[in-house]
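Values in this document were obtained by computation on a predicted structure and should not be read as measured data. The figures that follow rest on heavy atoms only: side chains count, while hydrogens, waters and symmetry mates do not. All ligand and atom numbering here is 1-based and tracks the order in the structure.
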Amino acid sequence: MTTTRPRNAKVPFQIHHDEFDPDEDLDAEDNGMGESRGDMEEEDIQEDGYSEYSDESDETVDAAVREDMERFTETFKGIKERFRLINRIGEGTFSTVYKAEDLEYDHYDNSWDLEEKENTKWSTPPLKKRKTDMQGLADLDEYAQQRRRPKYVAIKKIYVTSSPSRIYNELELLKDITARPCDAVCPLITAFRHTDQVVAVLPYFRHTDFRDYFRNMTVPDMQIYFRSLFKALAAIHGAKIPIIHRDIKPTNFLYEPDKQRGVLVDFGLAEREGTDSKPCLCRKSIPERRHRVQNSVAATMGPSNGYPKNDSRPSRRANRAGTRGFRAPEVLFKCTEQTTKIDIWSAGVMLLTILSKRFPFFNSADDVEAMIEIATIFGLRRMKMCAYMHGAVFESNIPTIGNAGFTLEKIILWSTCRNDSGKDGAEVPLTDEEKMAVRFLERCFELDPNKRISAEEALQHEFLREEVYEDEDEMNML
Ligand SMILES: Nc1ncnc2c1ncn2[C@@H]1O[C@H](COP(=O)(O)OP(=O)(O)OP(=O)(O)O)[C@@H](O)[C@H]1O
């Protein structure tokens, strides 16, 4: 385990225990991983939109999970003195996440702890109350019980096959995010390394499996849910150098319907805007774009009749990290200058999932199928324009892809079977509030990322805007 102490005075809380030291080279010989780590690095592509495990009950711990937790605590020196592992709560592509009790909670500054803050608002010590001695004792005991309530954290054990640079990137971004706290983004408490194993310690957020509530959400529920998600996006996109999350999907937004609180997690694929980016046509001025498109080989010669057998041109390379079904069209077209707008598209897929009551909504096996799915909705004409703006060509002779596509309203009516479920097989139209949600969805689904709504703008959209009342009387009148 590292023995370095906190160095960064800017972090607003005392970092717990032995801090992860970004200057320490995880590739160094003593981590036991050697060169093969880079070779073993997994693909940046998530298999699907859902992890196997969600929040399991603390009492029922599977025997295999118990064995796994014992092995982990035995091999990771120093962890069991600090945390009591309770259950495995998540198993993703890049990590296993455990719920644990923080045994040394009271030794540190815990300003990240929202629940603790809320509790201190209403739980005053009963010592000042004028009551009978017996009542005073009972209150005191209740207060002491409250103070002794176990404090939970989520321990994210990052798989040793992840490259050190990927692990460093996640922790560095989390540290930056933690320095500018936002209630809707999960901060980092601390991180440890023991030989090749790195763990991140995060506040534990109780949440409900998305599949258990998304079908029952009303439009006001959606507004609360997405207001919280877009606040999180506005916070990370508003960083000095904007942070792109790259993996916005339901499992990475931990939401508790009872509390109406959501928290964005998993910065494993996140990156700063501009990292490794090269100029793409989509960021040029409209006249320049038009000129380049009109003079392109595809526009002047028409679609090619075939492909060279041994194509010696270098293939286009771009970051495609993310989860299938949630990737923006510019990611599929390998845009080399991707922006935070890719997260807005993914958030749009989440809204479409809820409105259509279908999860997963997009179910493609690869990027070509994903393009076909998007083209079916938006139509061939718009998809071709979208490809051109990233310097690519989109052609299709698939009969189900029409030129004009379909409106999102129609897609939602079909997928909820409302197109013919009314009286005498009539359509059950969308309500006014559903139409407002669709108007917002259209802004998230602009194929041109320059036109797509930003997180800040989204919070001012009629769908998410919070009404500000002049005084309490005005609010009570509503
Ligand atoms: N702070 C937390 N509190 C409670 N549960 C959490 C927390 N962080 C993560 N989890 C649970 O663990 C799961 C996996 O976490 P995370 O997404 O960070 O790992 P991952 O390996 O990148 O997963 P995936 O491949 O699904 O994206 C989450 O979907 C969630 O259920």
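Using 4.0 Å as the threshold, Arg206 has no heavy atom nearer than that to any atom of ligand 1. Taking a 4.0 Å cut-off on heavy atoms, Gly268 fails to register as neighbouring ligand 1. The shortest separation from a heavy atom of Glu91 to ligand 1 is not under 4.0 Å, leaving the residue out of contact.
Summarising the geometry, atom CD belonging to Glu462 is positioned 9.5 Å from atom CD belonging to Gln223; distances are rounded to the nearest 0.5 Å. We find the CG-CG distance between Leu254 and Leu264 to be 8.5 Å, quoted to the nearest 0.5 Å. Here CG of Asp196 is found 10.0 Å from OG1 of Thr161. Values are rounded to the nearest 0.5 Å.
Taking every heavy atom of Tyr204 and a limit of under 4.0 angstrom, the matching atoms of ligand 1 come to 3 (N), 4 (C). The atoms of ligand 1 that sit less than 4.0 Å from any heavy atom of Thr93 are 21 (O), 23 (O), 24 (P), 25 (O). Atoms of ligand 1 found under 4.0 Å from any heavy atom of Thr251, numbered from 1 in the order shown, are 28 (C), 29 (O). The contact set between ligand 1 and Ser95, taken as ligand atoms under 4.0 Å from a residue heavy atom, comprises 19 (O), 20 (P), 21 (O). Close approach of ligand 1 to Leu254 is summarised as follows: ligand atoms under 4.0 Å from at least one heavy atom of the residue are 2 (C), 3 (N), 4 (C), 5 (N), 6 (C), 7 (C), 30 (C). Which parts of ligand 1 touch Ala154 is read off a 4.0 Å heavy-atom cut-off, strictly below it: atoms 1 (N), 2 (C), 3 (N), 7 (C). Taking every heavy atom of Lys249 and a limit of under 4.0 angstrom, the matching atoms of ligand 1 come to 26 (O), 27 (O). Here is the list of ligand 1 atoms found below 4.0 Å of a heavy atom in Gly90: 12 (O), 13 (C).
Contact annotation for Asp247 and ligand 1: only side-chain heavy atoms (C-beta onward) come within less than 4.0 Å of the ligand. Under 4.0 angstrom from ligand 1, there are no non-hydrogen atoms of Thr323.
At least one N or O atom of Phe94, backbone or side chain, sits closer than 3.5 Å to an N or O atom of ligand 1. Here's the thing with Val97: none of its N/O atoms is less than 3.5 angstrom from an N/O atom of ligand 1. Taking any N or O of Asn252, backbone or side chain, at least one lies under 3.5 Å from an N or O belonging to ligand 1. For a threshold of 3.5 Å applied to N or O pairs, the pair formed by Val265 and ligand 1 contains no separation below that value.
Just one of Phe463, Phe440, Phe253 meets the ring-ring contact (aromatic ring centres under 6.0 Å, His included) condition when paired with Phe230; it is Phe440. Between Asp266 and the choices Lys156, Arg246, Lys249, the salt bridge (charged side-chain N to carboxylate O under 4.0 Å, His left out) rule is met once, by Lys156.
Using modelled atom types, one side-chain atom of Glu273 and one backbone atom of Thr340 make a donor-acceptor pair closer than 3.5 Å. A distance-only check finds no donor-acceptor pair linking the side chain of Asn169 to the backbone of Arg166 [under 3.5 Å]. With hydrogens and angles ignored, the 3.5 Å screen pairs a side-chain donor or acceptor of His194 with a backbone N or O of Thr75. Of the possible polar contacts, none joining the Arg316 side chain to the Ala318 backbone as a donor-acceptor pair under 3.5 Å is found.
Taking the ring centroids of Trp345 and Phe326, they lie at or beyond the 6.0 Å cut-off.
For Tyr98 and Asp68, the side-chain atoms include at least one donor-acceptor pair closer than 3.5 Å.
Nearest-heavy-atom check against atom 5 (N) of ligand 1 across Glu170, His207, Lys156, Arg88 picks out His207.
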